[in-house]
Structures are given as C-alpha cells and as structure tokens.
There are 2 protein chains.
Amino acid sequence: MAEAKTQLFDNDLQELAQLFKALAHPARLQILSFLASQNACFSGDITEEIPLGRTTVNQHLSELKKVGLVQGIVRGSKTNYCLDNKAIELLEKSGIEFLSKLNKSNCNDC
Amino acid sequence: MAEAKTQLFDNDLQELAQLFKALAHPARLQILSFLASQNACFSGDITEEIPLGRTTVNQHLSELKKVGLVQGIVRGSKTNYCLDNKAIELLEKSGIEFLSKLNKSNCNDC
DNA sequence: AAAGCATGACGTATTTTTACGTCAAAATTA
DNA sequence: TAATTTTGACGTAAAAATACGTCATGCTTT
C-alpha cells in the first residue's frame, strides 16, 4: 500500500548528494576535523569543541552517523564516537584540501 | 551601525560547508555532470535534462554560480553556462568517484 | 513593428534543516 | 540507595531550501 513515489533522480546521484549534505554544515565539518585529530572521542568532548548546544551537536552527530561517516559505541554511561571507514576513505582520497589535511586516526576504543 | 554578528565558525569551515551545500542536491550534481559532458551548454538544454521545472533549474544554476562552480554568459537571447575553474579543479582533484569520472570540458563559448 | 522565445527576478506555499528545551533512562559516584 | 552525570529521544519555533507560477525584459523572427 506504500506509495511508489516516482524517482526523479538516479540513485547514485541521490546518495552522493546525501553525503555532500552531511558535509554541508560547518559544525559537522568541525566534528569530523576534531574526530580525525583525536583518538579518544567522547560525546562530551565533542560538545565542548563545538559552539552549539549539546542537543544540537548530538543531532549533527546523528546525521554523520546516518550517512556512515561516523560511528559511535556506548561505553558505560558515555558514548565514544569515531570516524567510520567511509570518512577515513573520503579523507584519504579526497583532493579537497581541508579534508585531506586532516589526520586520519583510529579510535582505540571502537 | 551594522551588527557585528559574532562568528560561530571558522571562515574556512564555513566556506567549505557552503561548497558542499552547493553539491548537496541531485539536480545540481546532474547539472554539473551534464555541463562536464557538453561543450555547448544553453540554459534551455540543461532544463530539458533535469526533471524539474524551468524556474527551479534556473534557481539551482544560480546557486552553482554563487559558489563559483558554474559560469554563465549571455549570448543574445540565450545564456551559455559552463563549468567554472573551481568546478574543473574540483573534478580533477577530487577522489570522489562520481566527480572524477566526469570529463572536464571547456565551453568553447565562455 | 508585432509576435514569439529564452531568461532572470520576484513572490510564495511546502518541506527540511537547525537549534534548543525538556524528559527519561542508564550508569557512576557519593 | 540517593544524587549526579551522560546521553538519546521527543517536541517545537524559527530559519532556510525547494519547487513553481507569474511577470518583465530583451532578443529574434516574421
């Protein structure tokens, strides 16, 4: 019964646009940058780095997670976030200056 | 007298986010793709390629122009659009599969 | 000059995104 | 066990993006 809503665009285009959308906010870029420079990556630490409220930062984290750029696992009462494979690959391959300058790091906890 | 509205984010981050935002819509990616494959690039031709109304496509073109990915010059009653340097550079350097697969072309009219 | 195209500007309804407050749950600490 | 922390879920107001219709302008054709 679900509407078969006609696809206007190619799937690849749509997916790529989705990825770019995730990168299209300075807070999210800053989060990626921070995660790339850190091994430990508590949710709380990230919050302190970003000039926005905690819940907003959390929301941005969710979006990064949704497109597979970031990964988060629960450790007791805290949550550890780190770059997911997709992000690391992107950082490595991308010719985009900002991204490639980031150090890719492996979270030693994820 | 203008409010000195405090900057929340670094300028570079903001600018890069702006660029990604321009890439964050399938229609705009398709426009870039089309322009990259064409030498001639009438506004009208583009409109026919994209499954959206004319004015909407025009709006997307404006956004691409705003961030310097696309360039348009008036030729009589028509307007020629083509990739701007920024886009060509991006296509060349980017490790992002979709982008680097596009052929960069020079509009022979711009 | 008149009629017909191609474009861009402008206004606008709808949908998304953004930012944040409040709540509830799970885990730590006291 | 009670108080505190840390976090995610949910709701929501405000701002931005999206898609289009309409109008005006400036070329082309006729």
Side-chain angles (χ1 to χ4, degrees), chain A residues 3 5-9 13-14 17-32 35 40-67 69-82 107 109-110, chain B residues 3 5-9 13-15 17-31 35 40-67 69-82 107 109-110:
Chain A
E3 284 289 330
K5 193 170 181 194
T6 14
Q7 278 260 107
L8 283 184
F9 295 100
L13 280 187
Q14 211 129 26
Q18 209 60 26
L19 176 65
F20 282 133
K21 189 178 286 182
L23 296 169
H25 193 289
R28 292 195 288 270
L29 290 178
Q30 199 176 338
I31 289 171
L32 289 178
L35 286 182
C41 40
F42 288 79
S43 169
D45 295 344
I46 299 169
T47 299
E48 283 178 31
E49 284 289 313
I50 313 293
L52 292 172
R54 185 189 63 81
T55 49
T56 306
V57 173
N58 215 308
Q59 203 171 337
H60 285 305
L61 275 168
S62 293
E63 274 170 80
L64 289 171
K65 209 157 59 170
K66 199 178 63 187
V67 297
L69 285 170
V70 147
Q71 183 180 1
I73 61 166
V74 179
R75 281 256 172 283
S77 70
K78 301 190 172 183
T79 303
N80 271 323
Y81 280 98
C82 64
C107 178
D109 206 14
C110 299
Chain B
E3 285 288 332
K5 193 170 182 197
T6 15
Q7 279 260 108
L8 283 184
F9 296 99
L13 279 187
Q14 211 129 26
E15 214 173 298
Q18 208 60 27
L19 176 65
F20 282 133
K21 189 177 286 182
L23 296 169
H25 193 290
R28 292 195 287 270
L29 291 178
Q30 199 178 337
I31 289 172
L35 287 182
C41 39
F42 287 80
S43 170
D45 294 346
I46 298 168
T47 299
E48 282 178 32
E49 284 290 312
I50 313 293
L52 293 171
R54 186 190 62 82
T55 50
T56 306
V57 172
N58 216 308
Q59 203 171 336
H60 284 305
L61 275 169
S62 292
E63 272 169 81
L64 289 172
K65 208 156 62 170
K66 199 177 65 191
V67 297
L69 285 170
V70 147
Q71 185 181 358
I73 63 166
V74 179
R75 281 258 172 281
S77 71
K78 300 191 171 182
T79 303
N80 269 324
Y81 280 98
C82 64
C107 177
D109 205 16
C110 299

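Chain A is the first sequence line, chain B the second, and so forth, proteins listed ahead of strands; every chain is numbered from 1.
Using a 4.5 Å cut-off on side-chain heavy atoms (C-beta onward), B:His60 and B:Ile50 make no contact. Residues A:Leu52 and B:Phe9 form a side-chain contact, since some pair of their non-hydrogen atoms from C-beta on lies under 4.5 Å apart.
We find that CZ of B:Arg75 is positioned 13 Å from P of C:dT7, with the value rounded to whole Å. The interatomic distance linking A:Gln18 (CD) with C:dT17 (P) rounds to 8 Å, in whole Å. In this structure, A:Gln14 places its CD atom 12 Å from P of C:dT16, rounding to the nearest Å. Going from atom CD1 of A:Ile73 over to atom P of D:dG8 covers 12 Å, rounded to whole Å. The separation between A:Leu23 atom CG and C:dT17 atom P is 15 Å, rounded to whole Å. To the nearest angstrom, P of D:dT18 lies 11 Å from CG of B:Leu52. Atoms CZ (B:Phe9) and C1' (C:dA19) sit 11 Å apart, rounded to a whole Å. Atom pair A:Arg54:CZ and C:dT18:P shows a separation of 19 Å (rounding to whole Å applied).
A 6.0 Å sphere centred on CD of A:Gln14 holds more than 12 heavy atoms belonging to other residues, nucleotides or ligands.
In this structure, B:Gln59 reaches the bases: a heavy-atom distance under 4.0 Å links it to at least one base atom across the strands shown. Looking at heavy-atom distances under 4.0 Å, A:Lys65 makes no contact with the nucleic acid at all.
At C:dA19, one or more side-chain N or O atoms of A:His25 fall inside 4.0 Å of OP1 or OP2 (strictly under the cut-off). Close to D:dA19, at under 4.0 Å from its OP1 or OP2, lies a side-chain N or O of B:His60. Side-chain N/O atoms of B:Asn58 include none lying less than 4.0 angstrom from OP1 or OP2 on C:dT7. Listed pair B:Thr55 / C:dG8 fails the phosphate criterion, with no side-chain N or O lying under 4.0 Å from OP1 or OP2. Listed pair B:Lys21 / D:dA17 meets the phosphate criterion, a side-chain N or O lying under 4.0 Å from OP1 or OP2.
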